[in-house]
Amino acid sequence: MFLICANSTYLCNLMFPQYDVIVVGAGHAGCEAAAVAANMGCKVLLITMNMQTIAQMSCNPAMGGVAKGQIVREIDALGGYSGIITDETMVQFRMLNLSKGPAMWSPRAQSDRNLFARKWRTVLESLPNVDFWQDMVNSLLITEKQVVGVRTSMGHEIQSKTVVLTNGTFLNGIIHVGEKQFGGGRAGESPAKGITDQLIQIGFDAGRMKTGTPPRLDGRTIDFSQAEIQAGDEKISRFSFLNTAIPDRQLDCHITYTNPEVHDILKTGFDRSPMFSGRIQGLGPRYCPSIEDKIDRFSERDRHQLFIEPEGWDTHEIYLNGFSSSLPEEVQYKALRKIPGLQDVKMFRPGYAIEYDYFPPTQLQLSLETHLIRNLFFAGQINGTTGYEEAACQGLMAGINASRRVKNEESIILKRSEAYIGVLIDDLVNKGTEEPYRMFTSRAEFRILLRQDNADFRLTPIAENIGMSNISDRVSRLKEKQNNFIELIKLLETNTVTPDEINGYLNEISSSPLETKIKISTLLTRPNVELNQLFKFSNVLQNTEKIFDNEIIQSVQIQLKYDGYIKKEQEMVDKMMRLETVKINPDYNYHQINALSNEAKNKLSKFKPETIGQASRISGVSPSDISILLIHLGR
């Protein structure tokens with residue numbers, strides 16, 4: 001049938017009607033892209049090389065973490081599925097950085113790897129607008145600098161109005177284990193060929209990046225009594241703003257450490273390491289280095305922390321977080337057996353490094369559409385990022401904007417003050433990256449505004465406005481939350497507590513006693529005063545404690561305690577937004593402005609900023625260049 005179809009336009013059209021959106025790749029970016037495009041009413045084809053590895057957690061079986069947890073909540077607020085599926089598949093939950101300010105609080109969940117992938121596939125198959133095809137896309141169909149479809153290795157030419165490339169680590173992927181190397185996009189899977197060469201011929205710049213993964217261990221051969229227990233939080237929180245199912249029990253993780261003997265064994269393989277020998281050309285992730293890289297770069301340390309993490313409810317497979325390696329497997333094995341708790345360990349498979357093609361993201365618009373080819377979008381590791389969360393949010397935005405392009409609607413661009421997603425995309429497009437990009441809270445200028453607890457306040461109205469079909473429950477819950485938020489704020493700002501009610505509690509927390517009654521909202525601004533505790537002592541609040549859930553109580557407490565900081569950041573945002581409203585024609589000739597520096601002329605011509613605000617964030621464009629540009633734009 002494939003040969004007939006390849007030579008018959010009629011039969012191909014029967015098998016593959018024209019699609020609105022074709023998504024190439026079914027990792028985290030591809031799944032979110034396909035789902036959101038379908039929920040926006042588009043006819044979607046999801047093409048993957050292996051239907052059995054949809055939403056595979058190729059590395060760490062976990063979602064969230066510092067800044068990444070905020071991204072997952074933002075995806076959920078916009079109608080994506082990563083948060084829902086994480087809730088339904090988590091085996092452990094922890095809220096990180098609770099000892100710091102609320103801008104730093106970051107949810108993280110350890111997931112059941114296999115269940116996570118199964119849930120994602122179930123979600124995608126439940127969407128009637130999503131079709132599937134197992135094949136490799138080896139080239140794009142392009143007419144007059146506009147993508148019109150894809151060509152597969154089976155010879156099918158499939159038409160589409162837009163295409164989203166989410167190829168992950170598969171583009172010309174090479175796996176390294178010691179001196180061994182072989183083609184692959186992931187252990188046991190073939191690389192993707194053809195797309196890189198075609199895009200380079202068109203005029204795209206391409207580069208190489210590297211990432212890695214640790215060995216997988218047999219938990220039956222680990223002595224957990226020799227490791228520290230790392231339990232989950234006593235109270236499990238959700239990633240999703242919906243009332244998702246969460247587990248009633250959790251699995252423990254454990255912590256152990258390397259030692260000088262482990263380091264000495266690992267060093268015996270350095271001469272065969274692809275990283276040190278130069279066989280790997282691409283740069284690896286700075287903030288998640290391999291164990292050999294850590295030993296080399298931090299030679300003064302005699303131990304490194306390792307996390308023993310379960311892969312799921314029904315498996316003994318263990319992920320050894322912190323021991324990513326591309327050393328020969330026998331060196332990995334010998335070193336593992338010198339680690340406390342792992343003296344008798346067996347490996348399921350060794351760690352490895354993988355090198356793959358990416359395209360510097362400065363070749364994209366903020367919508368994630370490419371400059372060179374209209375209707376072609378890139379998302380995920382093809383843009384130089386690392387991490388499931390970074391990939392998923394790009395897939396979501398690429399899917400949204402591909403769908404809006406089909407409908408001839410304006411792209412949705414999230415601002416740096418609206419979402420970590422906006423920070424990530426703005427960083428990629430305006431600054432580019434030469435090493436795998438990872439999100440941190442420090443990358444956001446307005447992180448007190450971009451907290452994990454208020455992602456729905458910030459973003460769900462946007463999802464509602466663009467007509468996403470699966471957003472109604474979120475909108476209803478948000479309206480209820482907003483009403484309760486306002487009601488509780490009003491209650492705290494209009495009622496008081498007396499010294500008799502509260503001084504006992506204040507004495508317990510070493511806070512100055514009251515001499516006269518005070519508004520509850522004012523008392524709450526004290527550092528150690530907690531709203532949950534005030535419910536126990538205030539006569540007014542005792543009668544209302546059961547009305548408000550913990551999510552509302554926490555959000556209100558943050559709002560009142562940090563009100564001054566929030567207002568200051570909002571003032572900064574308002575000033576910045578004045579520059580964001582000044583639009584620039586993408587075809588503007590910067591070389592005609594003699595007063596601009598030569599670097600500014602070249603950078604502005606290359607990046608084609610859409611606003612003065614975006615232009616101001618391009619490396620090499622100075623404040624004086626912006627002032628000159630504003631004058632020439634009549635502002």
(request) Fit a plane to each ring of H263 and H304, take the angle between them on a 0 to 90° scale, and name the class: parallel (under 30°), tilted (30 to 60°) or perpendicular (over 60°). (result) tilted

(request) Using only heavy-atom distances, determine whether the side chains of S82 and E389 contain a donor-acceptor pair under 3.5 Å. (result) no

(request) May I ask you to check whether R186 and S58 show a side-chain donor-acceptor distance below 3.5 Å? (result) yes

(message) With salt bridge (Lys or Arg N to Asp or Glu O under 4.0 Å) as the criterion, how do K235 and D233 come out once you've worked through the C-alpha distance, each side chain's angles and the decisive distance to 0.1 Å?
(response) CA-CA 5 Å; K235 181 176 176 57; D233 289 351; over 6 Å; no

(request) For the residue pair N138 and T152, confirm or rule out a side-chain donor-acceptor distance under 3.5 Å. (result) no

(request) Answer yes or no on whether R121 is positioned over the face of F116, meaning its NZ or CZ is under 6.0 Å from the six-membered ring centre and within 45° of the axis. (result) no

(message) Tell me the closest heavy-atom pair linking P247 and I236, and the distance in Å.
(response) O-CD1, 3.4 Å

(message) Looking only at the side chains, is there a donor atom on one of E599 and N602 sitting less than 3.5 Å from an acceptor on the other?
(response) no

(message) Can you confirm whether the side chains of Q343 and Q226 place a donor and an acceptor under 3.5 Å from each other?
(response) yes

(message) The criterion is salt bridge (Lys or Arg N to Asp or Glu O under 4.0 Å); which residues satisfy it with D296, sequence neighbours excluded?
(response) none

(request) Would you indicate whether K294, at its atom NZ, is surrounded by more than 12 heavy atoms from other residues, nucleotides or ligands within a distance under 6.0 Å? (result) yes

(request) In sequence, state the C-alpha distance, the side-chain angles, and the governing distance for E261 and R337, and then conclude on salt bridge (Lys or Arg N to Asp or Glu O under 4.0 Å). (result) CA-CA 10 Å; E261 189 175 9; R337 289 194 148 213; over 6 Å; no

(message) Quick one about T196 and D357 (side-chain donor to acceptor, distance below 3.5 Å, no hydrogens or angles considered), yes or no?
(response) yes

(message) Please tell me whether S240 and E88 have a donor and an acceptor in their side chains that are separated by less than 3.5 angstrom.
(response) no

(message) Walk me through whether R208 and I174 qualify under side-chain contact (heavy atoms from CB on, under 4.5 Å).
(response) CA-CA 11 Å; R208 296 285 279 175; I174 297 177; 3.7 Å; yes

(request) Check the side chains of D252 and Q230 for a donor-acceptor pair under 3.5 angstrom, ignoring hydrogens and angles. (result) no

(message) On the six-membered ring of F241, is R73 placed so that its NZ or CZ lies under 6.0 angstrom from the centre and within 45° of the ring axis?
(response) yes

(message) Can a side-chain donor-acceptor contact be found between E309 and Q110 if the only test is distance below 3.5 angstrom?
(response) yes

(request) Please name all residues satisfying salt bridge (Lys or Arg N to Asp or Glu O under 4.0 Å) with D76, sequence neighbours left out, ordered by chain then number. (result) R474

(request) Could you check if a side-chain atom of V66 sits within less than 4.5 angstrom of a side-chain atom of N97, using non-hydrogen atoms only? (result) yes

(request) Consider only side-chain N and O atoms of D427 and Y437, and report whether a donor and an acceptor are under 3.5 Å apart. (result) yes

(request) State whether a side-chain donor-acceptor pair under 3.5 Å links D87 with T244. (result) yes

(request) Could you check whether the rings of F378 and F204 sit parallel, tilted or perpendicular, using 30° and 60° as the cut-offs? (result) tilted

(message) Tell me whether R303 forms a cation-pi arrangement with Y257, defined as NZ or CZ under 6.0 Å from the six-membered ring centre and within 45 degrees of its axis.
(response) yes

(message) I'd like to know if the side chain of D223 pairs up with that of S225 as donor and acceptor (distance under 3.5 Å, no hydrogens or angles considered).
(response) yes

(message) Given the ring of F298, does R301 sit roughly above its face, with NZ or CZ under 6.0 Å from the centre of the six-membered ring and within 45° of the axis?
(response) yes

(message) With rounding to the nearest 0.5 angstrom, report the OG to CG distance, S325 to L266.
(response) 6.5 Å

(request) State, to 0.1 Å, how close W313 and L251 come at their nearest heavy-atom pair, and which atoms those are. (result) CZ3-CG, 3.7 Å

(request) Return the minimal non-hydrogen interatomic distance between M136 and K193, and the atom names on each side. (result) SD-N, 3.7 Å

